[in-house]
Amino acid sequence: MSSHSAKHPRWPGIIEAYRSRLPVTPETRVVTLLEGNTPLIKAERIPGEIGADIELYIKYEAMNPTSSFKDRGMTMAMTEAANRGGVEAVICASTGNTSAAAAAYASRAKLKSVVILPNGKIALGKLAQAMMYGATVVAIEGNFDDALRIVRELGARPEFAVVNSINPVRIEGQKTAAFEVCDILGEAPDFHFLPVGNAGNITAYWKGYREYHRDGLSKKLPRMFGWQAAGSAPIVEDRIIENPNTVATAIRIGNPASWIGAKEAVAQSNGRIDIVTDEEILDAYRMLARLEGLFVEPASAAPIAGLIKAHKAGLIPAGSRIVATTTGHGLKDPDTAVNSGIARPVVVPSSTEAVLRLLGL
Ligand SMILES: *Cc1c(COP(=O)(O)O)cnc(C)c1O
């Protein structure tokens, strides 16, 4: 269990906090930005709004250093790359957040970073992050899966370390989020809801929960419920999607790297993997911000859209305790926010009266 509060008045990052559960040695030089220890926020209004008698917690991963959960895997991947010897640059294909995290942690590790992106399909904030951290950003005329193929080919050279989801140590880092949930709640929840893109995160949480359960740190295991976007649902449809499409760019993936891991998590946990439409995602996106004060990026709202759908379908017993991971910050994708039908600033004359009139007071 994390000894954060007792031994570490300052959170040391996930590797130090869970060292014995991660593939590192006492000699490993750790590359960290003190990721992890993100808030588990009780949703006060959504259960009532959707008429569900449930206890809902949001694992708010926007509070990581680059504002998404990708930092958990990246501290592990960058630590491995920096300790390997001979590595000059890290390389990844990304829908955005992996590149932001890779670039930041590469700066920290004194390594170069190269990011291969599908041209024109990345949220503005994520591109700004990768550029600011000093990555070489290459936009290819192809989709995410094309970018991944190029990365795999470059990764065969010794000077490159691949930090994509195909790198297994990323999963090891990401499983720590499940540890944190159990450390706070005292055991696993009844259900864990997640968005699913490359399916690394659902694989990682399930691994984390199983380890805690095996070691007696949680009496139960949660049922894993994963959500793909309707235009981008290869696992649900059981086929590779050539041109995936969804407003939730972080889960616009046609051929998930951890496809098998996701299937296993769902099968072993008596869970479910299903789709939500872009409209349902955007409704949940606005709901999280308006009712709970949580501004997340569209992909992060998929599990809440899924919760609404699962509740309507009668899949959630009354009294269930549910954790939903919101994976990234809303500020990463400001274009979607301002174009999502929310109220624009209203221009009035510069007087207190005019403002009162506008407010109807
Ligand atoms: C990467 C990412 C996802 C998808 O996670 P997978 O592990 O690829 O399934 C979801 N939301 C956000 C914000 C992400 O960055």
Side-chain angles (χ1 to χ4, degrees), residues 35 38 58-74 76-77 92-102 104 115 117 121-123 125-127 129-130 144-145 147-148 163-168 170-175 177-178 192-208 224-229 232-236 244 246-263 265-266 273 276 281 284-285 288 294-306 324-333 336:
E35 59 295 313
T38 55
I58 307 296
K59 183 64 170 158
Y60 191 65
E61 290 288 274
M63 291 302 284
N64 279 297
T66 75
S67 307
S68 88
F69 78 86
K70 297 296 198 299
D71 294 343
R72 293 180 186 275
M74 205 53 73
M76 280 302 305
C92 67
S94 174
T95 57
N97 283 330
T98 294
S99 59
V115 170
L117 303 168
K121 288 187 176 165
I122 181 167
K126 303 175 189 181
L127 185 61
Q129 285 182 292
F144 175 82
D145 302 300
L148 191 58
V163 294
N164 261 94
S165 351
I166 49 180
N167 179 335
R170 293 245 328 258
I171 305 273
E172 292 297 311
Q174 287 171 207
K175 76 184 179 186
H192 197 114
F193 278 55
L194 285 156
V196 174
N198 260 308
N201 219 23
I202 191 168
T203 304
Y205 271 87
W206 180 237
K207 187 164 197 287
M224 304 299 295
F225 274 39
W227 300 90
Q228 299 199 291
S232 183
I235 301 177
V236 176
T246 167
V247 66
T249 52
I251 53 174
R252 182 150 61 189
I253 303 284
N255 187 10
S258 296
W259 195 316
I260 294 169
K263 295 278 271 192
V266 167
I273 187 150
V276 280
I281 288 171
Y285 170 70
L288 274 163
L294 300 174
F295 181 27
V296 303
E297 66 174 282
S300 301
I304 299 303
T325 299
T326 59
T327 43
H329 204 292
L331 287 172
K332 283 173 173 283
D333 190 357
T336 299

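For the single chain, residues carry numbers from 1 onward in sequence order. For ligands, and for the atoms within them, numbers begin at 1 and follow the listed sequence.
Using modelled atom types and a 3.5 Å distance limit, the side chains of Gln174 and Asn201 yield a donor-acceptor pair.
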For this session: Step by step, work out the salt bridge (Lys or Arg N to Asp or Glu O under 4.0 Å) result for Glu61 and Lys70.
Result: CA-CA 9 Å; Glu61 290 288 274; Lys70 297 296 198 299; over 6 Å; no
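With hydrogens and angles ignored, the 3.5 Å screen pairs no side-chain donor or acceptor of Ser94 with any backbone N or O of Val115. For the pair Ser300 (side chain) and Gly328 (backbone), a donor-acceptor distance under 3.5 Å is present.
The aromatic rings of Phe193 and Trp227 lie parallel to each other, with less than 30° between the two planes, well short of the 60° mark.
The side-chain heavy atoms of Leu194 and Met224, taken from C-beta on, include a pair separated by under 4.5 Å.
Pocket lining of ligand 1, defined as residues with a non-hydrogen atom under 4.0 Å away: Phe69, Lys70, Asn97, Pro195, Val196, Gly197, Asn198, Ala199, Gly200, Asn201, Ala250, Ile251, Glu297, Ala299, Thr327, Gly328.
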